[in-house]
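All chains are named by letter (A, B, ...) in the order of the sequence lines, taking the proteins before the strands, and each is independently numbered beginning at 1. Treat the numbers as computed from the prediction; the structure is a model and nothing was measured.
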There are 2 protein chains.
Amino acid sequence: MYAQAATVIAHRPAAPIPAMCKGMARDTVSRVSGVGLLQNVPADTALFAEGDDADNVYEVVRGMLKFYKLLPDGRRQIMGFLSAGDLVGLSFTGIHTYSAEAVTDVTLCRYSRASFDRLVDEVPGFARRLLAVRSDELRAAQDQMLLLGRKMSVEKIATFLLMLADRQNDAQDVIDVPMGRNDIADYLGLTTETVCRTVSKLKSLGIIRAISATKIKLLNRDRLEELAVGENNNDL
Amino acid sequence: MYAQAATVIAHRPAAPIPAMCKGMARDTVSRVSGVGLLQNVPADTALFAEGDDADNVYEVVRGMLKFYKLLPDGRRQIMGFLSAGDLVGLSFTGIHTYSAEAVTDVTLCRYSRASFDRLVDEVPGFARRLLAVRSDELRAAQDQMLLLGRKMSVEKIATFLLMLADRQNDAQDVIDVPMGRNDIADYLGLTTETVCRTVSKLKSLGIIRAISATKIKLLNRDRLEELAVGENNNDL
DNA sequence: CGCAAACTTGATGTTGCTCAAGCTAGGTGG
DNA sequence: CCACCTAGCTTGAGCAACATCAAGTTTGCG
């Protein structure tokens, strides 16, 4: 099920400033913010697939997306989850190198490739800003390579929970986990069952508590931070 | 052992064009090529470490570098190997997020951060070019995430050998493997022993042949390409 | 309230890791 | 020039972490 062009709502209202423009001059930001189209996408809807023409670039306004790669036999690696302010679909080859899909209902701001390219060329500082954005994406990808290649399941889960907490920045350390166990597994290079078991283990150790199906409270963030980098976890 | 500033040889001669300028206008390229300093670094020398101030950016002119991240207990993930034309050390936070070390004797072209920043701001198209470079680094990192999270050891080794072959583009499919088994293991999320065993298995299957310690000939590239994505490898 | 999908837990299996012991090749000194 | 020596490579045996297969159990939705 693909998102249809018919789901476009309206041109972006003047107020919300594209997050990708952070740090740019005010008059140049207005050049960017007029170009995008707001668009709603329901949960579990594909936005595009690996190999598709990269006709559009999207900024997430609300909700959560995932993007992933597949092997021929169906094994899947989720490269990341994206929320408000994140950019997706920006390709320089013209072909998407991964698939993207809505985790929750999502609102996007869509830019056509042509108009986006024009912005890169004509808006002063825009290319440089995108370079900073992309550099941060790369840094995150490299952190994830360390996780996938060298961390054990407890370390992976601890790292994942802390990442969610850091993004949401809730004072009570109650985090929302909108994605399913299977998505978490495919993000961390584990199976659904191992994710379950490892989360259960953290519960029984009193480090986290399940508030509801999609809400987890971090009871001992310091311990979680130790576990995330493999310190003092000999006993587990 | 750190590389010393004393190893600087000379300003880059006029002839060699920085690879990072590929596709840029001729007159702007000359603005870049005058700024760098050539520098030799012997094998197994650290260039910088994670956490260091990112004072310099380097382009590899000759030889091979590796860059990696460590966990507190010493587990290591090599994020990549870099050869002629690759850029290393470009950070926007001012702090290196990984360590870098020479695999072979290496010649680098060094740019101070200050002068590099000036080029980004002043040379038309330079930020855009770096954006393309960084996008390709990101794409490679995402391929590697798929490998680390979801591929089996045979698929990892096959992918690795094909990557080396693609880079070197030798008509006889004889590839040079300058890095040690331990580096390969830390790049693929395996151990030295598993790398050895898996390479041995590919030899015994007649898919590759060892020419010398650091030279491997690909006897059946098609089979290797199947193995790399997990097709028809039920029997292994 | 019932149903299906997702989650959880348990039993068993397999891949790749750990530990251990040769082996080989390149560099050094006699 | 050759023997030695050491670091890295290779192979083997046993083991641990995680995957797979198989039941339950919970949850959210119609």
Side-chain angles (χ1 to χ4, degrees), chain A residues 42-44 66 71 73-77 103-105 147-158 160 176-204 208-216 227 230 233-236, chain B residues 42-44 66 71 73-77 103-105 147-160 177-204 208-216 227 230 233-236:
Chain A
D44 302 317
K66 64 192 174 199
L71 287 170
D73 65 2
R75 279 174 286 171
R76 184 178 68 154
Q77 179 66 42
V103 173
T104 63
D105 290 352
L147 177 145
L148 291 169
R150 288 302 181 216
K151 288 189 182 179
M152 317 244 240
S153 60
V154 177
E155 297 160 355
K156 288 177 174 180
I157 296 288
F160 177 70
D176 189 37
V177 186
M179 67 292 282
R181 293 289 188 263
N182 201 240
D183 283 351
I184 298 173
D186 282 348
Y187 179 58
L188 299 177
L190 298 171
T191 59
T192 317
E193 294 93 330
T194 300
V195 171
C196 272
R197 274 187 256 274
T198 308
V199 169
S200 296
K201 183 186 282 182
L202 291 176
K203 280 183 205 164
S204 69
I208 62 175
R209 168 175 300 152
I211 304 293
S212 76
T214 62
K215 298 256 185 227
I216 289 179
L227 289 180
N233 63 353
N234 311 314
D235 47 330
L236 306 185
Chain B
D44 302 316
K66 63 191 173 200
L71 287 170
D73 64 2
R75 279 174 286 172
R76 184 178 66 154
Q77 179 65 43
V103 173
T104 64
D105 291 351
L147 177 146
L148 291 169
R150 288 301 181 215
K151 288 191 183 178
M152 322 236 126
S153 60
V154 178
E155 296 160 355
K156 288 177 173 180
I157 295 288
T159 306
F160 177 69
V177 186
M179 67 292 282
R181 293 289 187 263
N182 202 239
D183 282 351
I184 299 174
D186 282 349
Y187 179 58
L188 299 177
L190 298 171
T191 59
T192 316
E193 294 94 330
T194 300
V195 172
C196 274
R197 273 187 257 274
T198 308
V199 169
S200 296
K201 183 185 283 181
L202 291 176
K203 280 183 204 162
S204 68
I208 63 173
R209 168 175 300 151
I211 303 294
S212 75
T214 62
K215 298 257 186 224
I216 290 180
L227 290 180
N233 62 353
N234 311 315
D235 46 329
L236 306 184

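Residues S153(A) and S212(A) both approach DNA chain D. Their nearest nucleotides, taken by heavy-atom distance, put S153(A) toward the 5′ side. If T214(A) and G189(A) are placed on DNA chain D by their nearest nucleotide, the residue sitting closer to the 5' end is G189(A). Heavy-atom nearest nucleotides on DNA chain C were determined for V199(A) and for M152(B), and the one closer to the 5' end corresponds to V199(A).
Nucleotide dT27(D) holds its C1' atom 16 Å from the NZ atom of K215(A), rounded to whole Å. The distance from atom CG of L147(A) to atom P of dC18(D) is 12 Å, rounded to the nearest whole Å. In this structure, the CG atom of L190(B) is 16 Å from the C1' atom of dC9(D), given to the nearest Å. Rounding to whole angstrom units, CZ of residue R181(B) and C1' of dT24(C) are separated by 12 Å. With rounding to whole Å, L148(B) atom CG is found 15 Å from dG16(C) atom C1'. If you measure from atom CG of N233(A) to atom C1' of dA17(D), you get 13 Å, rounded to the nearest angstrom. A straight line from CG of D44(A) to P of dC29(D) spans 12 Å, rounded to a whole angstrom. Rounded to whole Å, the distance from CG on D183(B) to C1' on dC9(D) is 14 Å.
The shortest non-hydrogen separation linking A43(A) to D105(A) is N-OD1, 2.8 Å. Across every non-hydrogen atom of K156(A) and G189(A), the tightest pair is NZ-O, 3.6 Å. The shortest heavy-atom contact between V103(A) and P178(A) is CG1-O, 4.0 Å.
For the pair S200(A) and dT9(C), the criterion of a side-chain N or O lying under 4.0 Å from OP1 or OP2 is met. The shortest distance between the side-chain N/O atoms of R197(B) and the OP1/OP2 oxygens of dT10(D) is not below 4.0 Å.
Minimum atom distance to the side chain of E193(A) is reached by dA22(D), of the listed dC9(D), dA20(C), dA22(D). Taking the side chain of A213(A) as heavy atoms from C-beta on, and the options dC18(D), dG28(D), dT10(D), the nearest nucleotide is dG28(D). Taking only side-chain atoms of T191(A), from C-beta outward, the nucleotide of dT20(D), dA20(C), dC7(C) with the closest atom is dT20(D).
With Q77(A) as reference, L148(A) is the one residue of L188(A), L148(A), L71(A), D186(A) to meet the side-chain contact (heavy atoms from CB on, under 4.5 Å) rule.
Remark: side-chain polar atoms of R75(B) are paired, donor with acceptor, to backbone N or O of R150(A) under 3.5 angstrom.
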